[in-house]
Engineer: 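Below you will find the structure I want to go over with you.
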Protein chains: 2
Amino acid sequence: MPRAGLTREAVVRLALEVVDDGGPDGFAQLTLAKVASRAGVATPSLYKHVGSLAALRREVSVVAVRELTTAGAAATVGRSGADAVRALAHAWRGYAVAQPGRYAATQVGPDPDDPSAAEHRQAAAESVQVAAAVLRGFALPDERLVDAVRAARSAIHGFVMLELGGGFRLPQDLDRSFGVLIDMLVAGVTALGEGRPTLPEVEQLSPR
Amino acid sequence: MPRAGLTREAVVRLALEVVDDGGPDGFAQLTLAKVASRAGVATPSLYKHVGSLAALRREVSVVAVRELTTAGAAATVGRSGADAVRALAHAWRGYAVAQPGRYAATQVGPDPDDPSAAEHRQAAAESVQVAAAVLRGFALPDERLVDAVRAARSAIHGFVMLELGGGFRLPQDLDRSFGVLIDMLVAGVTALGEGRPTLPEVEQLSPR
DNA sequence: ACCCGTGGGCTAATAGCATTAGCTTTGAGG
DNA sequence: CCTCAAAGCTAATGCTATTAGCCCACGGGT
């Protein structure tokens, strides 16, 4: 009975394969049994390398978040302003479309209490920092930067979620719709930076 | 052995209770066993009223989507333009925050192939129609309406997803960030309607 | 060269889930 | 009052994670 020679890293690598093969909800369908089968090993053997299914999910999530971060960072290096925002948006959507399972893994919010999720929290914070760095170029008042970051994340994440979930059923060009959305975002943060009201002539009506 | 007197509607009602009690991921944790226990019945008995767990999920999803639709419709009746967009956005977010489990149920895209999902598809289409109706007031060129609807859905959905998932960890006011996002959206569709470029002075740089 | 301990694999067992098959009994309508 | 469809049941299958405990492979030291 020769050994399989597994390591924690190898198990995570196999888990990523399972996620990738599962399409958009490959992450949801990630299972210890599938990983074990791929490793040619009995399911309980995985516990020698990984604490639990939840822990494995967390490790997969960390990898995915880091990939998203570096994709965004690579796309925006050397750019600034509207150019950088567009590059970031397209990089994120590109990653999500190319790796839908991993992008789904990105969604799971790190548990703020669990101390073993520190790495996860760190990775998530770094990915947000990429967006913050890009938006800092718009000379926003400090207390508005967070609003801009949230707006950018919401717009991009929302579009990608709906796209991956099959929420856009009309045959119209998705790329163009995404471009329009990002243009709105760029115009919005530009207006925010210039200190002028986002809505030039429209009166501020009651939100509630 | 008296009968429990279940009906399909009663089972769905109990399933909604389970979803509501489960918080933001109550929908993910919906289980036939929990519904059966709540009904005071053995799990297999539910199959007399519901085809499968997946079918029950679909029914729950239809209810949630319809609630979201009527919430949006009720909030926008008698309003138009920016006012209506803001009302719709706040109604959607309000529903998501008040009923996070049901909002999650809203996310599952209807299977375009499955004929038994016709009701689901119909409900989803109606909810999009509410947004389309509101945005039609902006006198958009026909081929841009779909872009505007997608932008609105993306922005609102993205924000809500990140909020419910705990993705916004800074203590800054979420309501204000949401307001800023919706202002950007309103400004963006306004610009789209006026036929002027979304970005007045910023040159269109290569997105790729 | 041997020996020994760590640790990586195993099987067995428990417990929770969905689902199917087939039996029993309720209770409403003729 | 009788009957039969429908609504409940138990039993069984097969999937999942997880824990306990065993055994042997293998690297490091004597």
Side-chain angles (χ1 to χ4, degrees), chain A residues 1-23 25-62 101 104-105 108 111 114 116-117 120, chain B residues 1-23 25-62 101 104-105 108 111 114 116-117 120:
Chain A
M1 318 76 222
R3 296 219 175 164
L6 286 181
T7 63
R8 207 181 86 253
E9 290 73 21
V11 172
V12 172
R13 199 166 356 100
L14 292 171
L16 286 166
E17 287 182 25
V18 172
V19 168
D20 290 342
D21 288 0
D25 47 25
F27 185 68
Q29 285 164 8
L30 174 61
T31 203
L32 286 182
K34 284 181 191 155
V35 174
S37 139
R38 217 171 262 256
V41 124
T43 307
S45 304
L46 297 179
Y47 285 85
K48 288 290 159 74
H49 306 283
V50 132
S52 66
L53 173 62
L56 179 58
R57 292 189 112 85
R58 207 166 354 99
E59 300 224 48
V60 167
S61 181
V62 169
V108 312
D111 186 344
D114 186 1
S116 75
H120 194 181
Chain B
M1 324 72 223
R3 292 212 179 173
L6 286 182
T7 63
R8 207 181 87 253
E9 289 74 20
V11 171
V12 172
R13 198 166 357 101
L14 292 171
L16 286 166
E17 287 182 23
V18 172
V19 169
D20 290 341
D21 288 0
D25 47 25
F27 185 67
Q29 286 164 9
L30 174 61
T31 200
L32 285 183
K34 284 180 191 157
V35 174
S37 138
R38 217 172 262 256
V41 126
T43 306
S45 304
L46 297 179
Y47 286 83
K48 288 289 158 74
H49 305 283
V50 132
S52 67
L53 174 61
L56 179 58
R57 290 189 115 84
R58 211 171 344 103
E59 300 224 49
V60 166
S61 181
V62 169
V108 312
D111 186 345
D114 185 1
S116 75
H120 194 181

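The structure presented is a predicted model; accordingly, all values stated were derived computationally and were not measured. Every heavy atom of this structure was used, including side-chain atoms; hydrogens, water molecules and symmetry mates were not. So that the names make sense, note that chain A is the first sequence line, chain B the second, and so on, each numbered from 1.
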Engineer: The side chain of A/His49 is closest to which nucleotide in this list: D/dG8, C/dG9, C/dG8?
Structural biologist: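 Nearest nucleotide to the side chain: C/dG9.
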Engineer: Can you see which heavy atom on A/Gly101 is nearest to which on A/Phe27, and at what distance?
Structural biologist: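 Taking every non-hydrogen atom into account, O-CB, 3.6 Å.
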Engineer: Work out which heavy atom in A/Ser61 is nearest to a heavy atom in A/Ala105; give both atom names and the distance.
Structural biologist: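 What the structure gives for the nearest pair is OG-O, 2.8 Å.
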Engineer: Check salt bridge (charged side-chain N to carboxylate O under 4.0 Å, His left out) between B/Asp25 and all other residues, then give those that pass, not counting sequence neighbours.
Structural biologist: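 Once residues adjacent in sequence are excluded, B/Asp25 has no partner under the salt bridge (charged side-chain N to carboxylate O under 4.0 Å, His left out) criterion.
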Engineer: Report yes or no: is there a donor-acceptor pair, N or O only, under 3.5 Å between the side chain of A/Lys48 and the base of C/dG7?
Structural biologist: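 No such pair is found, so the answer is no.
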Engineer: On a heavy-atom basis, which atom in A/Val50 and which in A/Glu59 lie closest, and how many Å separate them?
Structural biologist: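 For A/Val50 versus A/Glu59, the nearest heavy atoms are CG2-OE2, 4.4 Å.
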Engineer: When the distance from CG of B/Leu46 to C1' of D/dA6 is rounded to whole Å, what number comes out?
Structural biologist: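 Taking CG of B/Leu46 and C1' of D/dA6, I get 15 Å after rounding.
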Engineer: CG of B/Leu30 versus P of C/dG16: gap in Å, rounded?
Structural biologist: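 So the CG-P distance, B/Leu30 to C/dG16, works out to 18 Å.
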Engineer: Going by heavy atoms closer than 4.0 Å, what residues in residues 32-45 of chain A are next to DNA chain D?
Structural biologist: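 Hits under 4.0 Å, by residue number: A/Leu32, A/Ala33, A/Thr43, A/Pro44.
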Engineer: Heavy-atom contacts under 4.0 Å between residues 52-60 of chain A and DNA chain D, which residues?
Structural biologist: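 Those residues are A/Ser52, A/Leu53.
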Engineer: Hey, mind stepping through A/Leu6 and A/Lys48 against side-chain contact (heavy atoms from CB on, under 4.5 Å) and telling me if it holds?
Structural biologist: CA-CA 9 Å; A/Leu6 286 181; A/Lys48 288 290 159 74; over 6 Å; no
Engineer: Within the side chain of A/Arg58, is there an N or O that forms a donor-acceptor pair under 3.5 Å with the backbone of A/Ser116?
Structural biologist: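 Present.
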Engineer: B/Asp111: what forms a salt bridge (charged side-chain N to carboxylate O under 4.0 Å, His left out) with it, not counting sequence neighbours?
Structural biologist: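 With neighbours one apart ignored, the set is empty.
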Engineer: Heavy atoms within less than 4.0 Å of DNA chain C: which residues of residues 5-19 of chain B have one? Give them sorted by number.
Structural biologist: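 Contacting residues: none.
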Engineer: Nearest heavy-atom pair of B/His49 and B/Val11: which atoms, and what distance?
Structural biologist: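 Smallest heavy-atom distance, with atoms named: CB-CG2, 4.0 Å.
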Engineer: Determine, stepwise, if the pair B/Val60 / B/Leu16 fulfils side-chain contact (heavy atoms from CB on, under 4.5 Å).
Structural biologist: CA-CA 7 Å; B/Val60 166; B/Leu16 286 166; 3.8 Å; yes
Engineer: So which pairs with a foot in residues 31-43 of chain A pass salt bridge (Lys or Arg N to Asp or Glu O under 4.0 Å), sequence neighbours left out?
Structural biologist: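 Every pair satisfying salt bridge (Lys or Arg N to Asp or Glu O under 4.0 Å) with a residue in residues 31-43 of chain A: A/Glu17-A/Arg38, A/Asp21-A/Arg38.
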Engineer: Heavy atoms only: give me the nearest A/Ala39-A/Ala4 pair and the separation to one decimal.
Structural biologist: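 Smallest heavy-atom distance, with atoms named: O-CB, 4.5 Å.
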Engineer: If you check the B/Tyr47 side chain, which of C/dT20, C/dG7, C/dG9 turns out closest?
Structural biologist: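 Closest nucleotide among those given: C/dT20.
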Engineer: Nearest-Å distance, CZ (A/Arg3) to P (D/dC26)?
Structural biologist: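 Taking atom P of D/dC26 as the reference, CZ of A/Arg3 is at 6 Å.
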